[in-house]
Amino acid sequence: MWPLMLWNSADQPVRMQYALALCAALALSACASKYARVPARLDLAPYGRIALVTFSADQANSGLSTMATQRFAEALLASQSGIELLELGAADSSLRRVFMGQLTMSGVKPRGHLDASGMKVKASVSAELTVRLLSTRTGGTVWRSSSVANGTVGRVAITDRLPSVAMRDKAEAYSELVSQLVADVTHDLRPTWIKQ
């Protein structure tokens, strides 16, 4: 009799754990959110063939405009299917739609702050990307998006007589800005998910 009772009493905590785990799983599945896919705001499939003209920029930033154009093309092709993207140096009037863009990059701008607790100096950069989809038949703008981003190249701080220095490569900072700008301006080209 004792061995049977000990075996049953030892088995009860395991059964209780299984029962609690089952209840928790049911509770979590009841609370789970359901998401619905929302199509991209701008569907390019009806146009079939789209051209992308290399983005313009100040002469000093021509390499960055090429990088922005390439990243925009990659984001566009990743988010839209059923289109042919022609990458051009100049617009071709035989195309139905053309993407054009303008990249503006600032130089490094120093900023500082001095008070009783110490001194802080930083060097920041900013950039702006504007992209338009133009109809080559009418010249009208079909779609437009723009974004502004800021980044820090370096900073120096002295607080409580302790110096702190942080520096990064200027090209790396500009590259991150371009990636952020492209992600922002291509938002309308990607499908999104909403919670229901």
Handout entry: Arg190 CZ to Gln80 CD distance, which is reported to the nearest 0.5 Å
Key = 10.5 Å

Handout entry: Straight-line distance of Leu177 CG to Met105 CE, nearest 0.5 Å
Key = 5.5 Å

Exercise for the section: Would you give the length of the straight line joining atom CD of Gln70 to atom CZ of Phe55, rounded to the nearest 0.5 angstrom? Expected result: 11.0 Å

Problem - Flag side-chain contact, heavy atom, 4.5 Å: Val121 against Arg111 - result: no

Handout entry: Neighbour count >12 (heavy atoms, 6.0 Å) for atom CZ, Arg168
Key = yes

Problem - Leu103 side, atom CG; Leu181 side, atom CG - distance, nearest 0.5 Å - result: 7.0 Å

Problem - Pair Gln102, Ser56: side-chain N/O donor-acceptor within cut-off below 3.5 Å - result: yes

Practice task
Spell out, as yes or no, whether a donor-acceptor pair under 3.5 Å connects the side chain of Ser106 to the backbone of Ser126.
Solution key: yes

Handout entry: Nearest atoms (heavy-atom pairs only) where Ser81 meets Ala45
Key = O-CB, 4.0 Å

Exercise for the section: Indicate whether any N or O donor in one side chain lies under 3.5 Å from an N or O acceptor in the other, for Arg71 and Thr186. Expected result: no

Problem - Approximate separation, where rounding is to 0.5 Å, of Phe99 CZ and Leu76 CG - result: 5.0 Å

Completion exercise
Residue set satisfying side-chain contact (heavy atoms from CB on, under 4.5 Å) with Ile194, at least two apart, ordered chain then number -> Ala36, Val38

Problem - Leu86 side chain near Arg49 side chain, heavy-atom distance below 4.5 Å - result: yes

Exercise for the section: For Thr69 and Thr54, test the side chains for any donor-to-acceptor distance below 3.5 angstrom and give the result as yes or no. Expected result: no

Problem - Worked check of side chain to side chain contact (heavy atoms under 4.5 Å, CB included) between Leu44 and Leu189 - result: CA-CA 8 Å; Leu44 299 174; Leu189 304 173; 4.3 Å; yes

Practice task
Could you tell me whether a side-chain N or O of Asp184 sits under 3.5 Å from a main-chain N or O of His187, the two making a donor and an acceptor?
Solution key: no

Handout entry: Spacing of OG1 belonging to Thr141 relative to CG belonging to Leu134, to within rounding of 0.5 Å
Key = 5.0 Å

Exercise for the section: List the steps and the verdict of side chain to side chain contact (heavy atoms under 4.5 Å, CB included) for Trp143 and Asp188. Expected result: CA-CA 9 Å; Trp143 173 84; Asp188 288 347; 3.0 Å; yes

Problem - Contacts of type side-chain contact (heavy atoms from CB on, under 4.5 Å), residue Asp160, not counting sequence neighbours - result: none

